[in-house]
Participant: 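Below is the structure I would like to discuss, written out as C-alpha cells.
All heavy atoms count here, side chains included; hydrogens, waters and symmetry mates do not.
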Amino acid sequence: MDFGIVIVLAGLALVDSTSIGTLLLPVWMLLDPHVRRTRFLAYLGTVAAFYFLLGVALTAGAGTLRGRLDDAAGSDALSWVQLILGGILFGLSFRFDPKRVARRRARQGGGGPAERWRARLTTARASYRSMVLLGLAAAGLEALSMLPYLAAVGILAVADVGAAVWVPVLAGYVLVMVLPAVVLLAVRLAMHERVQPALERLAGWMARHADGALGWVLALLGFYLAANAAVRLGLFGTAG
C-alpha cells in the first residue's frame with residue numbers, strides 16, 4: 001500500500017479519535033475520582049469493536065460495488081462520483097461554522113449533542129452492561145456522521161488491495177482512533193487528582209468546539225476527495 005495513503009489514513013484516524021464517543025465521553029468518565037478502568041475499557045472496547053466490524057462490512061461491500069461500477073460504466077465512473085461527493089462535503093462544511101450553529105440552537109432553544117451525551121453517561125455508570133450499551137449507542141449514532149471513517153473505508157476500497165492488507169490496516173486505524181483515550185486513562189491512573197484540572201479544561205474545550213471541528217473535517221475531507229478524483233480524471237493534467 002502506498003505510504004501516502006497510510007499517512008492519510010493515520011490522519012483520519014486521529015481526527016476520529018477526537019469525536020464525542022471516542023474522546024469526550026472517555027474524558028468525562030476520567031473526571032470521576034473513582035473511575036474504574038475495567039468499565040472504562042469495556043466502553044472503549046465496545047466502540048472499537050463496533051467500528052472495526054462495521055468497517056470490515058463496508059470495505060468489503062464498497063470493493064464489490066467498485067468492481068461492478070468499473071465493469072458497467074468504465075473506470076472513470078467512480079472518480080466522477082468521488083469528485084461530486086467531495087464538492088458536496090466541502091460545501092456542507094460551512095453549515096458547521098460555530099457562529100451559525102450557535103444561532104440555529106438559539107432559535108431552536110436546545111442544547112448541543114455534548115450535553116445530551118453527558119446526561120446519558122450519568123445514568124450508565126452503574127454496571128459493565130450499561131457501559132457496553134453506552135458504547136454501542138455512541139458508536140451506532142455516530143456511525144451516521146463518522147465521515148473520516150467512511151472516507152478511510154472509501155480510500156481502502158479504491159486502493160485495490162486484498163483483504164490480507166486492508167483488514168489489518170483497518171484494525172490499525174481503530175487502534176489509533178482509541179489510543180488517545182487509553183493514554184489519558186494511563187495518565188489519570190498515574191497522576192490521580194493532579195490531572196483533574198487539565199481534564200476539565202479539555203472536556204470543556206471539546207464540548208464547545210465539537211461542531212467547529214466537524215466543519216474542518218468536512219472541508220478537508222471534501223477537498224481531498226475532490227482533488228484526488230480530479231487528478232485521476234486528468235482535470236489537472238495527466239495523473240502520471
Side-chain angles (χ1 to χ4, degrees), residues 9-32 35-59 89 93 96 98 101 105 110-153 170-188 199-218 220-221:
L9 292 175
L12 290 171
L14 289 174
V15 171
D16 254 333
S17 73
T18 61
S19 72
I20 291 177
T22 55
L23 191 58
L24 183 54
L25 278 174
V27 169
W28 277 334
M29 294 178 197
L30 295 176
L31 288 174
D32 183 349
V35 59
R36 298 187 181 183
R37 73 187 73 179
T38 50
R39 294 186 184 179
F40 180 94
L41 293 174
Y43 166 84
L44 206 58
T46 301
V47 172
F50 184 97
Y51 267 71
F52 176 72
L53 293 176
L54 180 62
V56 168
L58 290 175
T59 306
L89 292 178
S93 68
F96 291 90
V101 173
R105 287 181 181 161
E115 290 83 356
R116 294 191 292 272
W117 277 113
R118 188 160 199 175
R120 291 189 182 198
L121 174 61
T122 301
T123 61
R125 298 178 187 270
S127 67
Y128 293 105
R129 178 177 178 274
S130 60
M131 293 300 285
V132 169
L133 291 176
L134 179 66
L136 288 173
L141 290 176
E142 287 195 335
L144 301 175
S145 60
M146 54 169 63
L147 295 171
Y149 194 57
L150 293 178
V153 167
L170 198 60
Y173 183 104
V174 172
L175 289 176
V176 171
M177 185 184 73
V178 300
L179 182 60
V182 175
V183 170
L184 287 178
L185 172 64
V187 172
R188 175 65 158 142
L199 290 174
E200 291 175 350
R201 289 194 295 270
L202 176 60
W205 185 90
M206 288 189 64
R208 291 192 302 271
H209 295 87
D211 294 305
L214 179 57
W216 277 105
V217 169
L218 287 172
L220 294 173
L221 179 56

Participant: Give the intermediate values and the outcome of side chain to side chain contact (heavy atoms under 4.5 Å, CB included) for residues Arg39 and Asp32.
Facilitator: CA-CA 12 Å; Arg39 294 186 184 179; Asp32 183 349; over 6 Å; no

Participant: Given side chains that start at C-beta, do those of Leu41 and Leu185 come closer than 4.5 Å, heavy atoms only?
Facilitator: yes

Participant: Which heavy-atom pair separates Leu199 from Arg188 by the least distance, and what is that distance?
Facilitator: CD1-CD, 3.9 Å

Participant: With heavy-atom distances below 4.5 Å as the criterion, would you say the side chains of Leu175 and Phe52 are in contact?
Facilitator: no

Participant: Provide the closest heavy-atom pair for Val178 versus Ala48 in the form atom of the first, atom of the second, distance.
Facilitator: CG1-CB, 4.0 Å

Participant: Can you spot which of Leu170, Val153, Leu53 makes a side chain to side chain contact (heavy atoms under 4.5 Å, CB included) with Leu58?
Facilitator: Val153

Participant: Could you tell me which non-hydrogen atom of Ala181 sits nearest to which non-hydrogen atom of Leu44, and how far apart they are?
Facilitator: CB-CD2, 3.8 Å

Participant: Is the backbone N or O of Met177 less than 3.5 Å from a side-chain atom of Asp16, with the two atoms forming a donor-acceptor pair by type?
Facilitator: no

Participant: Please report the shortest heavy-atom distance between Val176 and Ala10, naming the atom on each side.
Facilitator: CG1-O, 4.4 Å

Participant: Can you name the nearest heavy-atom pair linking Gly135 to Thr46, along with the distance?
Facilitator: C-CG2, 3.9 Å

Participant: What distance do Tyr43 atom OH and Thr38 atom OG1 have between them, rounded to the nearest 0.5 Å?
Facilitator: 15.5 Å

Participant: With a 6.0 Å cut-off on ring centres, are Tyr51 and Tyr173 close enough?
Facilitator: no

Participant: What's the shortest heavy-atom distance between Leu12 and Ala152, and which atoms?
Facilitator: CD1-N, 3.9 Å

Participant: Taking the side chain as C-beta and beyond, is there a heavy-atom pair between Leu25 and Val47 under 4.5 Å?
Facilitator: no

